[in-house]
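Contents: one structure, followed by commentary.
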2 protein chains.
Amino acid sequence: MKDGPDIARIASLIGEPARANILAALMAGRALTARECAAEACVAASTASAHLNQLVEARLLVVEVQGRHRYYRIAGADVAEAVEALMGLAARIGSTRSRPGPRDPAMRKARYCYDHLAGEVATALHAKLIADGLLVAAADGLAVSATGRARFVAQGIDLAELEARPRPLCRSCLDWSERRPHLAGSLGAAIAQLAVKRGWCRREAGTRAVTFAPGGAKALLALADGTSAAAGPKSARG
Amino acid sequence: MKDGPDIARIASLIGEPARANILAALMAGRALTARECAAEACVAASTASAHLNQLVEARLLVVEVQGRHRYYRIAGADVAEAVEALMGLAARIGSTRSRPGPRDPAMRKARYCYDHLAGEVATALHAKLIADGLLVAAADGLAVSATGRARFVAQGIDLAELEARPRPLCRSCLDWSERRPHLAGSLGAAIAQLAVKRGWCRREAGTRAVTFAPGGAKALLALADGTSAAAGPKSARG
DNA sequence: GCGATGGTTCGATGCGCACCGAAGCATTTC
DNA sequence: GAAATGCTTCGGTGCGCATCGAACCATCGC
């Protein structure tokens, strides 16, 4: 008796090294061209093309054509969740790279997980949002309290607009490096955007790792207790 | 730049059909002999032996030798989590079996997910435990409230003993069929055992699907509001 | 319009690995 | 002790699929 959905196909698609590298690179949440994907996978353009076709056909990736450029990105949060779960498992059983890259500590500190923040800073924020009563348990996992609602709106996050979309507002995403949840969902994504917009942190090219400005992590955490100024340390209103 | 743990190896192990079938069968939380694993995978004993060795070496499975029998089981909750995440993704993108088995509705209703309950009944319980204040949000995801503590203890669940172990007490596990969380962790496992012990539900051979006795689901849900009698519908105190 | 660039398709190649039956080892049963 | 049973190891086989360069198509820039 073979119970449940057939995981073999999905896992075998993810389990090929070139495709795994493409997916990992796309976990930064940005779209990459076919050429960039080929570089991430260290294969010829023709090989990447075949791999990308498979991933698109399997609905793990979506492609957007702009002239002669094709931009690929992860199809949705559920794909990211599965990849993150596999990363957690791989990290725990020791399937790490033979030679840890220089950015591993940076990845653990803070990184993009698809479209929201992950790592030490993000899990600390998640914990604080709960401890300070902005997020509460709900049937779907987590919900924003009235206190939280006021706080997020005051920071310029349009909750009503987020809620109007089919995507869940709050979702716990088990962090592979911290082994506890960070905040995903549309709210998690909005907070990540806010942090970048405020200049608390910035993204770097070619990696998921995120760099926090001096005082940036503190400012992000201050979201929870309401001491976060609407203007960031650099008054980056643009 | 190749960021994060290397998921290719894990995924490729899971992505081979025979191994995927073995893992799926073991998600019922029971140990299977090598012979039984071979039957689940529909391969020769020698082929299964090679596959099982790979899974054990990769620490996805553990094996216990009893005389001439070798019992294999899933190595831990993190493996189950990754498999469940892949199942969720596979279910959503349509990689279901060509011919849905007769037990698919039963699987959706209630099934074992490793060592705790999943499906409609389990997610309803999770929601009710939260709505009734027995579970609350915490930094690690979920925690038992004082009210919940008293309730579970009254039902014979030794929380102190569970907490003395390294395994998390409460963990949200995103249910592949319901798309919202059911309760995992050592508490989730204890509740599953309680339900079986009380005769509210029973496990069936050869499948993860769980069958609830008449009134059994209601009794399980009544855990949350304290109307669940210490004796089940069949006074199954054994 | 031409050359450069991005990307796809095609065809040939070769490697990896799942497969099986046979043989062998270990344990159990009578 | 012999036969049955569970399981592993071995060796040969063949299929699947990732790979690349060449050819081709589409778009962009001058």
Side-chain angles (χ1 to χ4, degrees), chain A residues 2 6-26 30-73 95 98 205-206, chain B residues 2 6-26 30-73 95 98 205-206:
Chain A
K2 301 180 180 60
D6 180 13
I7 57 175
R9 181 166 174 246
I10 297 298
S12 65
L13 285 172
I14 298 172
E16 197 281 320
R19 290 197 289 271
N21 282 333
I22 290 169
L23 285 166
L26 290 172
R30 286 180 291 208
L32 296 179
T33 61
R35 185 190 184 89
E36 285 165 332
C37 289
E40 287 292 337
C42 300
V43 293
S46 55
T47 304
S49 194
H51 285 309
L52 291 166
N53 277 342
Q54 285 185 63
L55 293 170
V56 167
E57 186 177 301
R59 294 157 68 185
L60 298 186
L61 299 187
V62 288
V63 60
E64 188 178 339
V65 183
Q66 292 179 16
R68 63 189 173 182
H69 293 280
R70 293 182 156 244
Y71 289 91
Y72 294 87
R73 57 188 165 83
S95 286
S98 312
Chain B
K2 300 179 179 65
D6 179 12
I7 58 175
R9 180 167 175 244
I10 297 299
S12 64
L13 285 172
I14 298 173
E16 196 282 322
R19 291 196 290 270
N21 282 332
I22 289 170
L23 285 165
L26 290 171
R30 285 181 292 212
L32 296 179
T33 61
R35 184 191 184 87
E36 285 165 332
C37 288
E40 287 293 335
C42 300
V43 292
S46 55
T47 304
S49 193
H51 284 310
L52 291 167
N53 277 343
Q54 285 184 63
L55 293 171
V56 167
E57 187 176 300
R59 296 156 67 184
L60 297 185
L61 299 186
V62 289
V63 60
E64 188 178 337
V65 183
Q66 292 180 16
R68 64 189 173 182
H69 293 280
R70 291 180 161 247
Y71 289 92
Y72 294 88
R73 58 187 164 83
S95 287
S98 312

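Numbers restart at 1 for each chain; the letters A, B, ... are given by sequence-line order, proteins then strands. Just so it is clear, the values below take in all heavy atoms, side chains as well, and ignore hydrogens, waters and symmetry mates. All values derive from a computational prediction rather than experimental measurement.
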Over how many whole Å does the gap from [X] atom [atom1] to [N] atom [atom2] extend?
| X | N | atom1 | atom2 | answer |
| --- | --- | --- | --- | --- |
| B:Leu52 | D:dC7 | CG | P | 10 Å |
| B:Asn21 | C:dA18 | CG | P | 14 Å |
| A:Glu36 | C:dT5 | CD | P | 16 Å |
| A:Leu55 | C:dG7 | CG | P | 16 Å |
| B:Arg9 | C:dG16 | CZ | P | 16 Å |
| B:Glu16 | D:dC15 | CD | P | 17 Å |
| A:Ile22 | C:dG7 | CD1 | C1' | 14 Å |
| A:His51 | C:dT9 | NE2 | C1' | 15 Å |

Taking only N and O in the side chain of [X], is any of them less than 4.0 Å away from OP1 or OP2 of [N]?
| X | N | value |
| --- | --- | --- |
| A:Gln54 | D:dA18 | yes |
| A:His69 | C:dG7 | yes |
| B:Asn53 | D:dT9 | yes |
| A:Arg70 | D:dA26 | no |
| A:Thr47 | D:dC20 | yes |

Requested in this report: Please work out if A:Ala44 contacts a base, only the sugar-phosphate, or nothing of the nucleic acid, heavy-atom cut-off 4.0 Å.
Outcome: sugar-phosphate
Query raised in the report: Of all the nucleotides listed (C:dG7, C:dA18, D:dC7), which has the minimum atom distance to the side chain of B:Thr33?
Result: D:dC7
Report summary line: Regarding the side chain of A:Arg35, the nearest nucleotide among C:dG6, C:dC20, D:dC7 is C:dG6
Report task. Starting from the 5' end of DNA chain C, give me the residue, B:Arg68 or A:Tyr71, whose nearest nucleotide shows up first. Result -> A:Tyr71
Beyond-backbone contact of [X] with [Y], side-chain heavy atoms, under 4.5 angstrom:
| X | Y | result |
| --- | --- | --- |
| A:Arg70 | A:Glu64 | no |
| A:Ile14 | A:Arg19 | no |
| A:Leu32 | A:Leu26 | yes |
| B:Leu61 | B:Leu52 | yes |

Report task. Go through the N and O atoms of the side chain of A:Ser46 and the base of D:dG21, and report whether any donor-acceptor pair is under 3.5 Å. Result -> yes
Query raised in the report: Rounded to the nearest 0.5 Å, how far does NE2 of A:His51 lie from CG of A:Asn21?
Result: 10.0 Å
Report summary line: Whichever of A:Ala50 and B:Tyr72 has the more 5' nearest nucleotide on DNA chain D, that residue is B:Tyr72
